[in-house]
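Comments concern the structure below.
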Amino acid sequence: MTEETKTNFIHDIIEADLASGKRTEIVTRFPPEPNGYLHIGHAKAICLDFGTAEKYNGRCNLRFDDTNPDAEDEEYVQAIQDDIKWLGFDWGENRYWASNYFEQMHGYAVALIKKGKAYVCQLPQADFKEYRGAPTEPGKEPPGRKHSVEENLALFEQMKNGTFEDGACVLRARIDMASPNLHLRDPALYRIKRAHHHNTGDTWCIYPMYDFAHCIEDSLEGVTHSMCTLEFEVHRPLYDWILNELNIFHPQQIEFSRLNLTYTVMSKRKLLELVNENLVNGWDDPRMPTLCGMRRRGFTAAAIRNFCGILGVTKVESISEIELFESLVRDDLNETSFRAMAVIDPIKVVLENYPADLTEEFELPNHPKKEELGIRTVPFSRELWIERSDYIDVPPNNKFKGFFVGREVRLRGAYLATCTAVEKDSDGNVIQIQCDLDLDSKGGNGLDGRKVKGTIHWVSALHAVDAEIRNYDRLFTEENPLADKDADFKEFINSAALEITTAKLESGLAKSKPSDRFQFERIGYFCADLDHTEATPIFNRTLTLRAPRK
RNA sequence: UGCCCGAUAGUGUAAUGGAAGCACAUGUGACUUUGACUCACAGGGUCCAGGUUCGAACCCUGGUCGGGCAACCA
């Protein structure tokens with residue numbers, strides 16, 4: 001499949017910067033906080049950050065933004081790296097940690113203090129709220145603003161040395177308590193937090209805030225274009241202020257809108273709720289929009305990348321339809337998946353004129369249009385399983401492809417068969433049907449070359465393998481589960497998003513390896529689950545085929 | 001009653017002062033040893049009101065609607 005490489009407003013900026021000579025090389029970064037799993041929203045940022053670097057022959061750093069030891073944990077680091085690699089991006093040698101810059105950040109904080117641009121504020125958090133004022137009214141100057149440079153230097157040193165309790169004071173930028181932008185009303189730069197850091201251990205008891213840390217990280221790494229989501233737009237003046245005061249390399253922050261998708265939620269907190277309340281089976285539950293969940297579901301990295309490319313990058317807040325993504329997944333899977341036959345709701349067919357002790361082996365193509373993908377061998381015998389829905393007493397219209405008494409149907413890749421009788425139980429349920437095979441029609445249309453309307457799939461009952469099938473569907477019943485502010489989004493969980501059933505599989509399928517993908521013909525795309533084994537086959541339904549039969 | 005951002009078919013985007021395109025979705029039809037794939041056709045759009053201009057989706061002014069911002073989170 002072709003990956004979209006269309007331009008966007010950020011690339012326009014980059015090209016202007018290259019043309020004007022403002023930049024000669026392009027450096028970006030993907031800066032996850034290691035406090036959770038990546039989801040498809042992050043994939044948009046990853047594709048933008050790494051994709052932009054690739055497009056302009058630049059570099060994209062993977063940087064773990066580990067400035068808050070309360071939230072972060074090493075356990076997420078590996079998962080994040082795995083997901084990025086799975087998506088198909090490579091940071092090479094360029095893996096960094098915000099915590100590696102703690103020493104330099106501290107030095108920059110001292111430099112700001114010496115310039116009179118930062119001070120230690122001993123106001124309790126609640127009190128500062130009052131000083132900050134409201135959007136419509138200016139704040140007032142905190143007492144700490146009156147400290148001399150020497151006092152601030154001494155106080156900050158004490159903060160660093162652990163003289164104060166957690167929360168006793170913070171280092172603040174001295175900007176403008178009357179600014180219409182609340183983020184410029186003397187924002188906190190450093191807080192005291194006695195927490196064990198996964199990387200720096202107990203070296204520090206003060207940690208930089210995002211606003212102070214992020215721009216410095218970008219600057220130290222020579223990032224030229226620092227892309228982030230829209231909610232940081234109002235932080236940009238602070239980003240620029242810090243860099244200007246420090247007079248160090250000045251990356252450009254550019255904001256774009258997040259990816260939202262219908263029928264799911266994207267917030268880390270809400271996904272965590274689903275996991276904690278056992279509404280899904282962990283972060284890699286195939287119903288989750290996490291990259292590990294989507295991978296387990298059978299979605300492909302190529303489809304995700306293509307999706308992000310086609311969606312484009314803008315500042316418009318939007319919710320994209322999942323249908324577009326599903327369409328791209330089908331495009332990819334249609335091209336790459338081996339075909340197989342599986343019967344999910346079986347009824348038995350007895351071929352009256354076929355020998356009971358005979359097994360034939362048919363060679364069927366793995367892909368109808370790609371000979372190079374080879375063939376597979378499928379056993380055929382007197383008793384078959386077909387879908388219950390492929391028999392009907394009276395056809396509703398002339399589009400029905402299956403059996404009714406007297407109807408001739410093609411058994412995919414095998415013979416033409418005519419239904420001769422049906423057996424039902426006392427409740428009228430079909431138990432099995434009888435058919436006569438046209439033994440001269442093997443693999444074709446019969447000796448007279450007649451056309452047959454329907455082709456259905458089947459599995460030899462003698463050789464069938466039983467498997468567990470996990471049919472996945474959309475996580476929520478509402479396009480936007482968050483739209484109703486008065487309702488808990490969890491009320492809209494789709495109870496049918498996971499339906500476990502069994503199936504009769506073509507025998508070769510048992511030997512699949514976890515994450516092998518197939519198209520079960522006429523049903524959908526499936527992949528072997530992580531827990532799949534030859535002894536206990538488990539397949540996840542990635543998606544149905546388009547326009548499933550009604 | 002503050003500041004910032006945004007608004008193009010149902011959805012996501014393109015057009016960067018010169019013919020409003022594309023994709024998905026929807027509908028109809030063709031083809032088919034998968035009701036898939038593929039192919040053809042169709043419907044449907046510039047938030048509103050002014051202004052500048054030979055010409056405005058694009059520039060200006062004023063509205064309307066939507067989103068964000070008052071963590072010692074990121």
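Throughout, protein chains are lettered first and strands after them, A, B, ... in sequence-line order, and every chain is numbered starting at 1.
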**Report entry** Under the salt bridge (Lys or Arg N to Asp or Glu O under 4.0 Å) test, residues paired with A/Arg145 that sit two or more places apart
**Finding:** A/Glu141, A/Asp186
Requested in this report: Run the ring-centre check on A/Tyr101 versus A/Tyr108 and record whether the distance is less than 6.0 Å.
Outcome: no
Report summary line: Comparing nearest nucleotides in RNA chain B, the 5'-proximal residue of the pair A/Ser320, A/Glu137 is A/Glu137
Query raised in the report: At under 4.0 Å between heavy atoms, what does A/Pro237 touch on the DNA or RNA strands: base, sugar-phosphate, or nothing?
Result: nothing
Requested in this report: Write down the distance separating the C1' atoms in B/rA9 and B/rG27, rounded off to the nearest Å.
Outcome: 15 Å
Query raised in the report: For the pair made of CD in A/Glu255 and P in B/rG67, what is the distance, rounded to whole Å?
Result: 19 Å
Query - Sugar-phosphate, base or nothing in reach of A/Ile319, heavy atoms under 4.0 Å - result: sugar-phosphate
Query raised in the report: Can you tell me how far P of B/rA36 sits from CD1 of A/Ile456, to the nearest Å?
Result: 17 Å
Requested in this report: Flag the pair A/Tyr239 / A/His235 as yes when their ring centroid distance falls below 6.0 Å, and as no otherwise.
Outcome: no
Query raised in the report: Looking at A/Tyr37 versus A/His42, is the centre-to-centre ring distance below 6.0 Å?
Result: no
Report summary line: Whichever of A/Val452 and A/Asn334 has the more 5' nearest nucleotide on RNA chain B, that residue is A/Val452
Report summary line: A/Asn260 CG to B/rG6 P, in whole Å, measures 18 Å
Query raised in the report: When the P atoms of B/rA40 and B/rA25 are considered, how many whole Å apart are they?
Result: 15 Å
Query - Nearest heavy atoms of A/Asp218 and A/Arg29, plus distance in Å - result: OD1-CD, 3.1 Å
Query raised in the report: Just how far, in rounded Å, is C1' of B/rA23 from CZ of A/Phe325?
Result: 16 Å
Query - Base-contact (B) and sugar-phosphate-only (S) positions in nucleotides 68-74 of chain B, heavy-atom cut-off under 4.0 Å, - elsewhere - result: BBBSBSB
Query raised in the report: So does A/Glu321 reach the base of B/rG10 with its side chain, donor to acceptor, closer than 3.5 Å?
Result: yes
Query raised in the report: How would you list all residue pairs meeting side-chain hydrogen bond (donor to acceptor under 3.5 Å, both in side chains) that involve residues 320-329 of chain A, not counting sequence neighbours?
Result: A/Glu326-A/Arg474
Report task. Only pairs at least two apart or in different chains count here, so list each side-chain hydrogen bond (donor to acceptor under 3.5 Å, both in side chains) that has a residue in residues 256-265 of chain A. Result -> A/Glu231-A/Arg258
Query raised in the report: Distance check: side-chain N/O of A/Ser318 vs OP1/OP2 of B/rU13, anything under 4.0 Å?
Result: yes
Report summary line: Nearest heavy-atom approach of A/Asp66 to A/Ala98 is OD1-N, 3.2 Å
Query raised in the report: Using atom C1' of each nucleotide, how far apart are B/rG35 and B/rA74 to the nearest Å?
Result: 49 Å
Query raised in the report: Once you round it to whole Å, what is the distance between C1' of B/rU38 and CG of A/Leu545?
Result: 14 Å
Query raised in the report: Is the centre of the A/His197 ring less than 6.0 Å from the centre of the A/Trp97 ring?
Result: no
**Report entry** Distance between P atoms of B/rG6 and B/rA14 (Å, rounded)
**Finding:** 14 Å
Query raised in the report: C1' atom, B/rG12 versus B/rU52: distance in rounded Å?
Result: 33 Å
Query raised in the report: What nucleic acid atoms does A/Gly413 come within less than 4.0 Å of, heavy atoms only: base, sugar-phosphate, or nothing?
Result: base
Donor-acceptor contacts, no H, no angles, side chain residues 394-401 of chain A, under 3.5 Å, sequence neighbours left out:
unit_1, atom_1, unit_2, atom_2, d
A/Asn397, OD1, A/Lys399, N, 2.7
A/Asn397, OD1, A/Phe400, N, 3.2

**Report entry** A/Ser267: partners by side chain to side chain contact (heavy atoms under 4.5 Å, CB included), with sequence neighbours left out
**Finding:** A/Arg269, A/Lys270
Report task. Taking atom P in both B/rG21 and B/rG43, compute the distance separating them and give it to the nearest angstrom. Result -> 12 Å
Query raised in the report: Given B/rA36, is OP1 or OP2 found less than 4.0 Å from the side-chain N or O atoms of A/Arg339?
Result: no
**Report entry** Heavy-atom pair with the smallest gap, counting every atom of A/Leu328 and A/Phe307
**Finding:** CD1-CA, 3.5 Å
Please produce a list of atom pairs where a protein N or O lies less than 3.5 Å from an N or O of nucleotides 41-45 of chain B.
none

Query raised in the report: Which whole-number value in Å describes the distance from A/Leu259 CG to B/rC24 C1'?
Result: 15 Å
Requested in this report: Classify the glycosidic conformation of B/rA71 as syn or anti, calling it syn when the angle lies within 90° of 0.
Outcome: syn
Query raised in the report: Do the ring planes of A/Phe325 and A/Phe299 sit parallel (below 30°), tilted (30 to 60°) or perpendicular (above 60°)?
Result: perpendicular
Requested in this report: Tell me, please, which residues at least two apart from A/Phe212 pass ring pair (Phe, Tyr, Trp, His ring centres under 6.0 Å).
Outcome: A/Tyr190
Query raised in the report: When we call it a touch if two heavy atoms are under 4.0 Å apart, what does A/Gln519 touch: a base, just sugar-phosphate, or nothing?
Result: base
Query - Residues that A/Glu478 engages under salt bridge (Lys or Arg N to Asp or Glu O under 4.0 Å), provided they are two or more places apart - result: none
Query raised in the report: Is A/Thr314 touching bases, backbone alone, or none of the nucleic acid, heavy atoms closer than 4.0 Å?
Result: sugar-phosphate
Query raised in the report: Atom CZ of A/Arg522 and atom C1' of B/rU32: how far apart are they, to the nearest Å?
Result: 13 Å
Query - Between B/rU46 and B/rC58 - P atom distance, rounded Å - result: 13 Å
Query - B/rU61 to B/rA20 separation - C1' atoms, rounded to the nearest Å - result: 25 Å
Query raised in the report: What pairs with A/Arg407 under salt bridge (Lys or Arg N to Asp or Glu O under 4.0 Å), at least two apart in sequence or on another chain?
Result: none
Expected rows: protein N/O vs nucleotides 62-65 of chain B N/O, under 3.5 Å:
none

Query raised in the report: Which listed nucleotide (B/rU1, B/rU13, B/rA23) is nearest to the side chain of A/Leu324?
Result: B/rA23
Report summary line: Whole-Å distance, A/Asp12 CG to B/rU16 P, equals 11 Å
Query raised in the report: Given pairs defined as Watson-Crick or G-U wobble with both distances under 3.5 Å, what dot-bracket annotation applies to RNA chain B, with ( ) intrastrand, [ ] crossing, | other strand and . unpaired?
Result: .((((((..((((....[..)))).(((((.......)))))....(((((..]....))))))))))).....
